[in-house]
Participant: 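After the structure tokens below, expect a handful of questions from me.
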Amino acid sequence: LLGRFLLGLFGPEFVVGYTTMMILVAAQMVRAAAGPVISLLSVTGNQDRCLIVFTAALMASFVLVFLLVPLYGIQGAGLTVLVVTLGWSVWLHTLVVRRIGVHASIFSSHSKP
């Protein structure tokens, strides 16, 4: 609600970044909704799975940055973060469910009978 105002405190040129900031907020919401999947995999001996996921995420980031930034500028970079975060969050959550049997997502509580 106060995003434009707070960005404006740093100078009027920062207000232009409001849309990108909202995209990055959405990425953090996705990450939070997935739950503590990285920690769960790491402490249960499945940290090698995280490496695979984040290697793929890094490669996807490079591709998406080269595709989206020329078209959409800084918002393309924000969209890259959102899409990649969504991808690795879902992938890691699926791994946690399959390998550990824990439903860590905030949405998991609504999917059980």
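Positions are given from 1 along the sequence.
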Participant: Give the cluster check for F5 versus V16: same hydrophobic cluster or not, with ILVMFWY residues linked at side-chain heavy-atom distances below 4.5 Å.
Facilitator: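 No, it is not one cluster - the side chains of F5 and V16 are not joined through contacts under 4.5 Å.
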Participant: Just wondering, are more than 12 heavy atoms of other shown residues or ligands nearer than 6.0 Å to CE in M29?
Facilitator: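 No.
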Participant: Between V53 and V83, is there shared hydrophobic-cluster membership here, with clusters defined by ILVMFWY side-chain heavy atoms closer than 4.5 Å?
Facilitator: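 Same cluster.
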Participant: Please check if the number of heavy atoms outside Y18 that lie under 6.0 Å from its OH is greater than 12.
Facilitator: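 Enclosed.
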Participant: Quick check: do C50 and L92 have side-chain heavy atoms less than 4.5 Å from each other?
Facilitator: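 Yes; the side chains approach each other to less than 4.5 Å.
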Participant: Do M21 and L24 have side chains that approach each other closer than 4.5 Å (heavy atoms only, starting at C-beta)?
Facilitator: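 No, too far: nothing below the 4.5 Å cut-off.
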Participant: Do T55 and M59 make a side-chain contact, defined as non-hydrogen atoms from C-beta onward lying under 4.5 Å apart?
Facilitator: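 They are in side-chain contact.
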Participant: Do V30 and W88 have side chains that get closer than 4.5 Å, going by heavy atoms?
Facilitator: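 Heavy-atom side-chain distance check fails, nothing below 4.5 Å.
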Participant: Would you say that F54 contacts I38 through its side chain, given a criterion of any heavy-atom pair below 4.5 Å between the two side chains?
Facilitator: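 They are in contact (side-chain heavy atoms under 4.5 Å apart), so the answer is yes.
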Participant: Once you round to the nearest 0.5 Å, how far does CG of L51 lie from CG of L58?
Facilitator: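 Here the rounded value is 10.5 Å.
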Participant: Mind checking whether T80 and F66 have side chains closer than 4.5 Å, heavy atoms only?
Facilitator: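 No. Closest side-chain heavy atoms not under 4.5 Å.
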Participant: Within the distance-only criterion (no hydrogens, no angle test), does the side chain of T85 pair as donor or acceptor with the backbone N or O of L82 below 3.5 angstrom?
Facilitator: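 Judged by distance alone, no pair lies under 3.5 Å.
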Participant: Side-chain contact, heavy-atom cut-off 4.5 Å: N46 with L40?
Facilitator: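 Contact flag for N46/L40 side chains = no.
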Participant: Are V37 and I52 linked, directly or through other ILVMFWY residues, by side chains that come within less than 4.5 angstrom of each other?
Facilitator: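 V37 clusters together with I52.
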Participant: Closer than 3.5 angstrom, by distance alone: can the side chain of S105 be matched with the main-chain N or O of A33 as a donor-acceptor pair?
Facilitator: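 The answer is yes, because a donor-acceptor pair under 3.5 Å joins these two groups.
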Participant: Could you give the distance from OG1 (T20) to CD1 (I74), rounded to the nearest 0.5 Å?
Facilitator: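 If I round to the nearest 0.5 Å, the distance is 5.5 Å.
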Participant: Does some side-chain heavy atom of L41 sit less than 4.5 Å from a side-chain heavy atom of V96?
Facilitator: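 Yes, side chains in contact.
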